[in-house]
Structures are given as C-alpha cells and as structure tokens.
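Below: the structure, in structure tokens.
Please read these numbers as outputs of a predicted model, since none were measured by experiment. If you read the sequence from its start, that first residue is 1, and numbering goes on from there.
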Amino acid sequence: TAEKDNFSYGNHPFKRPEFITTEINITPRAVGTATHLIFQHLPLTMEITAKVVQETIDKLKKAKLITDELIKQVNIEGIIQLYQTKLGLDIQQNMNRLEREMPFSLIYPASGLFDSLDTDSDYPILIHGIIDGCFKDSHGEITIFDYKTDHVTLKNNIKKIKEDYQ
C-alpha cells in the first residue's frame, strides 16, 4: 500500500528507499547505507557486542528501516571489531562530546580539488555534506571519522583507499 511505502522525518513525508521496500538485487551501496544506519543507532553507553548489535538491528527491522535480506549482507563482525580498536574505544570514551551525522560546509580553493585549474584563477568552491561523526577528546584534540564499508583486497589496498578518502 502507499501508506506502507512511505515514512516521515519530522513533518516531512518521504517515499521509503527502494532497498527497504524491495528484496531484489541488494547493491553494495544499500549494504553500506544499512551498515551506517546500524552505526548511527548503536547505544554507545555499553560494550558493543554481538547481542547489542543484534538488538539494534531488531529495532531497525521493527521500524521497517532494514530488511532481513539486507542484514544478511552486513558485516556484523566488522561493526563489533570497530569498537575494539583505538578509534572505537575513543568514540565510546568521548560519547558525551560525540556528534553523529554532523552536517558541515566549507569554502575551499578550486585548485586544491582540481589539478587542471590554473592557480591564478583560484575560485572558491562550496563543499558540504554530512560526516558520520566527530568528537573533541579531553585534551582538546578533534577526531573526525567516516565509516567505510568498501571491500579491501590486494588490488585496492589500504594505502590506496586512504589516499582516495583523504
């Protein structure tokens, strides 16, 4: 029904994303979006275990934000492992100063983005988006993080991926 296929954010009605309403051909992008949704809703006040992740998934499924077929593709162990790393532990330790899904915008010189431009005609470009999260630790150092679900192989090694995202 049309009502089943719609949901709202605040007072704004939206059509449900296709990956939520259909089970056909789950794309890597849909898996990445689902993984981000889980990260966004994890309760960071406790150790992130398989049980905590599953409870989060169950809540998202109950809210019809994620499907069983999509969950089968999500790297749940990878989610748990993140919170066993220094970054994951720092995120939890600084959760009182944590911002999730934070919008940002900045003006940046065009030559810093496009090698083909002449630096004499350095036009400013507005860049905006949403970062997955950031926090300021007790020493005043700011950490910005962005979850990545790309598959890493020897062909697209970690060094190359880091360069692509920096």
Would you say [X] and [Y] make side-chain contact, with heavy atoms under 4.5 Å?
X	Y	answer
K62	D58	no
I144	F104	no
I38	I66	yes
I48	F39	no
T35	N75	no
R97	S138	yes
V31	L70	yes
K86	L89	no

**Item:** Where D68 and K61 come nearest, the two heavy atoms and their spacing
**Value:**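 Of all heavy-atom pairs spanning D68 and K61, the closest is OD1-NZ, 2.6 Å.
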**Non-hydrogen atoms of L37 and L65 that approach each other most closely** =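 In terms of heavy atoms, the two residues are closest at CD2-O, 3.7 Å.
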Calculate, to the nearest 0.5 Å, the distance between atoms [atom1] and [atom2] belonging to [X] and [Y] respectively.
X	Y	atom1	atom2	value
I125	Y108	CD1	OH	10.5 Å
E99	I142	CD	CD1	11.0 Å
I57	I76	CD1	CD1	3.5 Å
Y83	M46	OH	CE	12.5 Å
Q93	D137	CD	CG	8.5 Å
T49	E55	OG1	CD	7.5 Å

**Message:** Taking M95 as the starting point, is it possible to reach F135 by hopping between hydrophobic residues whose side chains are less than 4.5 Å apart?
**Reply:**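 F135 and M95: one cluster.
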**Request:** Identify whether L87 and I79 are in the same connected component of the hydrophobic contact network (ILVMFWY, side-chain heavy atoms under 4.5 Å).
**Result:**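 Yes, it is one cluster - the side chains of L87 and I79 are joined through contacts under 4.5 Å.
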**Message:** Quick check on side chain to side chain contact (heavy atoms under 4.5 Å, CB included): which of D132, L44, I131, I91 does R100 satisfy it with?
**Reply:**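 Option passing the side chain to side chain contact (heavy atoms under 4.5 Å, CB included) with R100: L44.
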**Message:** For Y147 and H36, take the angle between the two ring planes, folded into 0 to 90°, and tell me which bin it lands in: parallel under 30, tilted 30 to 60, perpendicular over 60.
**Reply:**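 The arrangement is perpendicular - the two ring planes meet at more than 60°.
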**Prompt:** In terms of heavy-atom contacts, does CD of E47 have more than 12 from other residues, nucleotides or ligands at under 6.0 Å?
**Reply:**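 12 or below, so no.
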**Message:** For K59, I'd like to know if atom NZ has over 12 heavy atoms of other residues, nucleotides or ligands within 6.0 Å.
**Reply:**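 Incorrect, the count does not exceed 12.
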